[in-house]
Amino acid sequence: MGLLSNRIERSELKKGDHIYCYRKAHTFSHHGIYVGNDRVIHFRKSKKKHNPIRTVLGRNKSCGECGYNRIGDKGIVKTCVDCFLKHHRLFRFEYKVGVTEAMVKRSGTCSAASPDLAEVVIQRANDELKNNKEFGGYDFVENNCECFAFYCTTGIPRSTQANAFKDAIQNVRKTFPTGEHHSPKPIFESLLKGYLDDKIRRFNEESLINKKNDDDDGSDKDE
């Protein structure tokens, strides 16, 4: 992985990794937890109904490797890496990044928060798969696949890409509060300042998550 890209090869996968791949021409990323043996636990929204054309073409069949069915299986699922990626490239979400990386990298790729141990991450993912397959109900913005993977890794549900989307909407509203027309330069400056301010604010929020986890670990050792 580098400063601008978190892409990895399958041979680099480690148990407990928070991984992701891009969908819909890189407009958003799909996240999950790698639990070993070519399996990924991830949270997804099921298709609303069967597509007869896909059925005729045989594209609604269950995976011969892991048994996953993209139409019938919903909520938290356990699939092979191929079913998770859907022919897309593999990336690893990076935790405990510095402010420079947080500012440079796009949302949905990294966080200032600190990850828990791999065995804890895997246990959370397996517990949710077994006991809470709906994970509170899927919502594209408020409760999505990144929220699940982030929760498994840190104990706190959070979506950095959804937060960035909400921040952008608020930033636009602040820039155009009355719908008045402005010259391009002040608009650009206002939007850029809002973007950078939001990035720093979110970084500081995640740094507190990092501190909370470290404090919790310290208190456990004292006991």
Side-chain angles (χ1 to χ4, degrees), residues 6 13-24 27-36 39-46 73-79 84-85 90-97 99 101-102 105-170 198-220:
N6 292 348
L13 278 171
K14 300 176 182 178
K15 291 182 179 180
D17 275 351
H18 173 172
I19 60 176
Y20 64 96
C21 60
Y22 287 104
R23 302 283 174 83
K24 305 295 183 183
T27 54
F28 70 94
S29 50
H30 181 58
H31 297 247
I33 300 297
Y34 181 69
V35 296
R39 293 296 184 264
V40 183
I41 297 178
H42 49 118
F43 183 39
R44 65 178 296 274
K45 180 180 180 180
S46 64
D73 294 338
K74 63 179 181 178
I76 298 174
V77 297
K78 186 176 184 178
T79 72
F84 172 79
L85 293 176
L90 174 65
F91 297 82
R92 180 190 289 131
F93 193 96
E94 190 173 0
Y95 284 90
K96 214 166 185 178
V97 299
V99 65
E101 282 189 83
K105 289 186 174 179
R106 67 181 289 181
S107 299
T109 65
C110 63
S111 171
S114 178
D116 284 318
L117 296 175
E119 51 263 36
V120 176
V121 176
I122 294 172
Q123 186 63 53
R124 284 198 189 108
N126 280 315
D127 286 347
E128 295 301 314
L129 176 67
K130 179 180 179 181
N131 302 318
N132 185 26
K133 285 182 68 68
E134 293 300 321
F135 197 62
Y138 187 95
D139 183 271
F140 188 75
V141 175
E142 300 296 339
N143 194 40
N144 56 38
C145 56
E146 188 185 356
C147 292
F148 169 73
F150 201 98
Y151 164 75
C152 291
T153 308
T154 68
I156 298 173
R158 188 181 184 88
S159 174
T160 61
Q161 57 186 337
N163 285 340
F165 173 75
K166 290 185 287 186
D167 290 342
I169 296 298
Q170 288 294 97
D198 288 334
K199 275 276 195 177
I200 293 173
R201 176 171 58 84
R202 293 298 187 182
F203 174 83
N204 289 333
E205 289 175 357
E206 291 164 17
S207 295
L208 293 178
I209 295 174
N210 182 353
K211 185 176 185 303
K212 179 180 183 303
N213 285 342
D214 290 342
D215 289 346
D216 287 345
D217 290 341
S219 64
D220 290 341

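- Interatomic distance, Ser111 OG to Lys96 NZ, rounded to the nearest 0.5 Å: 11.5 Å.
- The distance from atom NE2 of His30 to atom CZ of Arg23, rounded to the nearest 0.5 Å, is 5.0 Å.
- Relative ring orientation between Phe150 and Phe93 is described as perpendicular, the plane-to-plane angle rising above 60° on a 0-90° scale split at 30° and 60°.
- Checked by atom type and distance alone, the side chain of Asn132 never pairs as donor or acceptor with a backbone atom of Glu128 at under 3.5 Å.
- Looking at every heavy atom in both residues, Ala113 comes nearest to Thr154 through CB-CG2, 4.2 Å.
- Between Lys166 and Glu142 there is a salt bridge, since at least one side-chain N of the basic residue sits less than 4.0 Å from a carboxylate O of the acidic one.
- Pairing each heavy atom of Ile41 with each of Asn126, the nearest pair is CD1-OD1, 3.3 Å.
- For the residue pair Glu146/Ser29, the side-chain donor-acceptor check at 3.5 Å is not satisfied.
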TODO: Begin with the C-alpha distance, continue with both residues' side-chain angles, and end with the deciding distance and a verdict on side-chain contact (heavy atoms from CB on, under 4.5 Å) for Thr109 and Glu94.
DONE: CA-CA 6 Å; Thr109 65; Glu94 190 173 0; over 6 Å; no

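- In terms of heavy atoms, Phe43 sits closest to Cys145 at O-CB, 3.2 Å.
- With salt bridges taken as basic N to acidic carboxylate O contacts below 4.0 Å, one links Arg201 and Asp198.
- The two residues Asn144 and Ser159 come nearest to each other via the heavy atoms ND2-OG, 3.2 Å.
- In this structure, His31 and Tyr20 have parallel ring planes: the angle between them is below the 30° cut-off, well short of the 60° mark.
- Shown here for Asn143 and Cys147, the closest heavy-atom pair between the two residues is CA-SG, 3.9 Å.
- Arg202 and Glu206 are not joined by a salt bridge, as no carboxylate oxygen comes within less than 4.0 angstrom of a charged side-chain nitrogen.
- Using a 4.5 Å cut-off on side-chain heavy atoms (C-beta onward), Arg124 and Ile33 make no contact.
- Taking NE2 of His18 as the reference point, atom CZ of Phe148 lies at 10.0 Å (rounded to 0.5 Å).
- Interatomic distance, SG of Cys21 versus CG of Leu90, reported as 8.0 Å (0.5 Å rounding).
- Separation of the Phe135 and Tyr151 ring centroids falls under the 6.0 Å cut-off.
- Nearest heavy atoms, Arg106 versus Thr27: NH2-O, 4.1 Å.
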TODO: Report the C-alpha distance between Lys15 and Ile122 in whole Å, list the side-chain angles of each, state the deciding distance to 0.1 Å, and finish with yes or no for side-chain contact (heavy atoms from CB on, under 4.5 Å).
DONE: CA-CA 8 Å; Lys15 291 182 179 180; Ile122 294 172; 3.6 Å; yes

Task: Steps toward side-chain contact (heavy atoms from CB on, under 4.5 Å) verdict (Asp73, Thr79) - done: CA-CA 10 Å; Asp73 294 338; Thr79 72; over 6 Å; no

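- Between the Lys199 side chain and the Ala102 main chain, a donor and an acceptor come within less than 3.5 Å of each other.
- Checked by atom type and distance alone, the side chain of Lys133 pairs as donor or acceptor with a backbone atom of Ile76 at under 3.5 Å.
- Checked against a 6.0 Å centroid threshold, the rings of Phe84 and Tyr34 do not count as neighbours.
- Here the CZ atom belonging to Phe140 is positioned 9.5 Å from the NZ atom belonging to Lys45, to the nearest 0.5 angstrom.
- Atom CG of Asn163 and atom CD of Glu205 lie 7.0 Å apart (nearest 0.5 Å).
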